[in-house]
**Q** 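Shown below is the structure under consideration.
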Number of protein chains: 2
Amino acid sequence: MATSAKPAAKRGARQPSLAQLRAFAAVAEHLHFRDAAAAIGMSQPALSGAVSALEETLGVTLLERTTRKVLLSSAGARLAVRARAVLDEVGALMEEADAVRAPFTGALRLGVIPTVAPYLLPTFIGLVHEKYPDLDLQVHEEQTSSLIEGLGAGRLDLLLLAVPLGVPGVTELPVFDEDFVLVTPLDHWLGGREGIPREALRELNLLLLDEGHCLRDQALDICREAGRADAPVTTTAAGLSTLVQLVAGGLGVTLLPRTAVRVETSRSNQLLTGYFADPAPTRRVALAMRTGAARAAEYEALAAALRGAAKPLPVRVL
Amino acid sequence: MATSAKPAAKRGARQPSLAQLRAFAAVAEHLHFRDAAAAIGMSQPALSGAVSALEETLGVTLLERTTRKVLLSSAGARLAVRARAVLDEVGALMEEADAVRAPFTGALRLGVIPTVAPYLLPTFIGLVHEKYPDLDLQVHEEQTSSLIEGLGAGRLDLLLLAVPLGVPGVTELPVFDEDFVLVTPLDHWLGGREGIPREALRELNLLLLDEGHCLRDQALDICREAGRADAPVTTTAAGLSTLVQLVAGGLGVTLLPRTAVRVETSRSNQLLTGYFADPAPTRRVALAMRTGAARAAEYEALAAALRGAAKPLPVRVL
DNA sequence: AGGACTGATAGCTAGTTCCGATCAACACGA
DNA sequence: TCGTGTTGATCGGAACTAGCTATCAGTCCT
């Protein structure tokens, strides 16, 4: 209404500038003007003025400052979150601009779970090097919970893991479904059979991975669905290779995802693989990214390429 | 890598300014420089320069311009979404600053569904006028789908309706649960009874509201849960008052939320109310806001106040 | 061919931002 | 109690940015 354009009084409710928001966000983080100024590469007086100007335009006291220390007012704490959100959004915009200018270049920080990494990474890395040679692939092998945390914190860009995750803000790009198979010692009564009913799981001495591996939880779920009441765990192992060696040693049987079978069972001649009756228990392997990620289009292209590369594997491509 | 910090060439990959983003967003919306310039209150040359500068800093061609028309490049379309997101965040920040500076003042655009409005609004309006006299309450009565659309579009700030909605991005603040009661003509065999089993609904000639009212869907759900297979609908009405008049006229029975009973049944002496056996069918009434709304704290306070004001009503306050 | 519209450019002005230097208030140690 | 170092705020001047008005050049319609 009465918003005159030209003279604008002096403190006419103007818009905050990004520099002001950046200054405020830095102070809110460091709670120290000089450190904050150094962190964002401006002088302390400039930062001091920027924050004051922001308080002026917003009409809100953001900081309680004494000459000895700085703390956020309650309003400041709320608005610091907003300021950070704005800056993140700007960062996403610039990142997307970079991606548009030069797609499939730069760093791609990929997180992979241990029960997928050894079997699918050769395919994935080969694919990236061939189709996107300018992409600098940095692989991090961690467990699911750590990967999701890293994705949310911006430490990772893309995950390769078992889904569904059911995490808000994370978009899953399915790649394939693969069956679980039963790995047994040579002399086991289920060794090498096909059409094994799931109910057989009720009676087996099943070896599992350590806590934290999603494969462990999936195996327990499968047992529960098969009607097993007790926890089958007596021994656990840190990796699938170890697990298979325990099976070869006769300590029990285990479930292996189909893509892991060739690599893991070829190391020993003391093993047999058994296949479940349809519908066999499965897990879904997918890529996962932050919803609305700047490079979403590239990640989707990667997912499509990975589906193509998975065609020769003994899986059901999605 | 070779990003030198100090000299920064001349076009050193700087940060876009908010003014530039605003300019670009306006052009993306209008696809017309002069109109866009007028819309954001700056001159056409200034806007032209701002967009050019943005393209320069991002290193991306945002617009395909001929002298006769402007269209977004594909990169421009993607980045326009980001730009809009940044500006929305800034808007939220300023709005939150306003809210901090003067909570419970200014306009509050409240959307209410027709089956709640007549019975709860007197309470709500009274509450607002008493506790928050500076709040300018603007009420809009619409059906649920329209309200949710308006909330998402920023046309409305807060909704008062039946939940759960299950809409992402919308946060529900439950207020109370209320029973449904059965309204019948005087001579109906269920008239005035208590402990009515739900199964009675299977055989009744139930009158419903028109399509689009959530109360209609809830009534149909209740019938389905009661084991009724066919659709009970023969006649429909545009409002609860009409519905009750039809009942009084002997055309059938209907379900009414408990808060509506006093107002609607007092208009006729041809009506009786029947109560269901525990657990009676219920609906939950709640406030709903955009998740992360700038004035979330105020809306939560309003919800709490509304719960207090609902204590005298025949409902279960949450 | 003329007129009317488009976005781009030029030149100028005003406002803003930034820095270095400095100040005033406070905390801590001797 | 009195230095001494550290804190954020202030000052004055230089550099830059962004905005405006006026104008230009290309395109479409009549």
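Here the structure is a predicted model, which means the values were calculated and not measured. Residue numbers begin at 1 in each chain, while the letters A, B, ... track the order of the sequences.
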**Q** Could you go step by step and tell me if A/S73 and A/T61 meet the side chain to side chain donor-acceptor pair (under 3.5 Å) rule?
**A** CA-CA 7 Å; A/S73 69; A/T61 299; over 6 Å; no
**Q** Is the distance from OP1 or OP2 of D/dA9 to the nearest side-chain N or O of A/R65 less than 4.0 Å?
**A** yes
**Q** Whole-Å distance between C/dT6 P and B/L31 CG?
**A**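 After rounding, the gap between these two atoms is 13 Å.
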**Q** Less than 4.5 Å apart, side chain to side chain, heavy atoms only: is that true for A/D136 and A/L108?
**A** no
**Q** So, are B/R65 and B/E55 salt-bridged, with charged N and O less than 4.0 Å apart?
**A** yes
**Q** Please pick, from D/dT23, D/dG19, C/dC18, the nucleotide with the shortest atom-to-atom distance to any side-chain atom of B/R34.
**A**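 Of all the options, the side chain of B/R34 is nearest to D/dT23.
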**Q** For the pair made of NE2 in A/H30 and P in D/dT7, what is the distance, rounded to whole Å?
**A** 13 Å
**Q** Select one nucleotide: of C/dG7, D/dG8, D/dA22, the one nearest the side-chain heavy atoms of A/V70.
**A** D/dG8
**Q** Just the rounded figure in Å: distance from P of C/dT16 to CD of A/Q15.
**A**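 The answer, rounded to whole Å, is 15 Å.
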**Q** Of the nucleotides C/dG7, C/dC18, C/dT17, which has the atom closest to the A/Q20 side chain?
**A** C/dT17
**Q** Under 4.0 Å between a side-chain N or O of A/S48 and OP1 or OP2 of D/dG8?
**A** no
**Q** Within this structure, what is the CD-to-P distance between A/E56 and C/dT16, rounded to whole angstrom?
**A**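 Taking atom P of C/dT16 as the reference, CD of A/E56 is at 12 Å.
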**Q** C/dC18 P sits how many Å from A/L47 CG, rounded?
**A**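 To the nearest whole Å, that distance equals 9 Å.
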**Q** Take atom CD of A/E55 and atom P of D/dA9, then tell me their distance rounded to the nearest Å.
**A** 8 Å
**Q** Of the options D/dA18, C/dG20, D/dG19, whose atoms approach the side-chain atoms of B/S17 most closely?
**A**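 In terms of side-chain proximity for B/S17, the closest of D/dA18, C/dG20, D/dG19 is D/dA18.
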**Q** Can you tell me which nucleotide in C/dT9, C/dA8, D/dT10 comes closest to the side chain of B/Q44?
**A** C/dA8
**Q** Can you tell me which nucleotide in C/dG7, D/dT7, D/dA9 comes closest to the side chain of B/H32?
**A**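 Between C/dG7, D/dT7, D/dA9, the one nearest the side chain of B/H32 would be C/dG7.
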**Q** Starting at atom CG of A/L18, determine the distance to atom C1' of C/dT16, rounded to an integer number of angstrom.
**A**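 My rounded result for the distance is 15 Å.
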**Q** Would you compute the distance between atom CG of B/L147 and atom CG of B/L160 and round it to the nearest 0.5 angstrom?
**A**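 One finds 9.5 Å between CG of B/L147 and CG of B/L160.
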**Q** Is any side-chain heavy atom of A/L54 closer than 4.5 Å to a side-chain heavy atom of A/L62?
**A** yes
**Q** Between B/A50 and B/P45, just flag the one whose closest nucleotide in DNA chain D comes earlier from the 5' side.
**A**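 Taking each residue's closest nucleotide, the earlier one in sequence belongs to B/A50.
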**Q** From D/dC20, D/dG8, C/dA8, pick the nucleotide closest to the side chain of B/F33?
**A**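 Within the option list, the nearest is C/dA8.
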**Q** For B/L54 and D/dT17, what is the distance between atoms CG and P respectively, to the nearest whole Å?
**A**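 Rounding to the nearest Å, CG of B/L54 and P of D/dT17 are 15 Å apart.
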**Q** Ignoring backbone atoms, test whether B/S43 places a side-chain nitrogen or oxygen under 4.0 Å from the OP1 or OP2 oxygen of D/dG19.
**A**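 Looking at the OP1 and OP2 atoms of D/dG19, neither is under 4.0 Å from any side-chain N or O of B/S43.
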**Q** Choose from D/dT10, D/dG19, C/dG7 the nucleotide whose nearest atom is closest to any side-chain atom of B/A19.
**A**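 Among the listed nucleotides, the one closest to the side chain of B/A19 is D/dG19.
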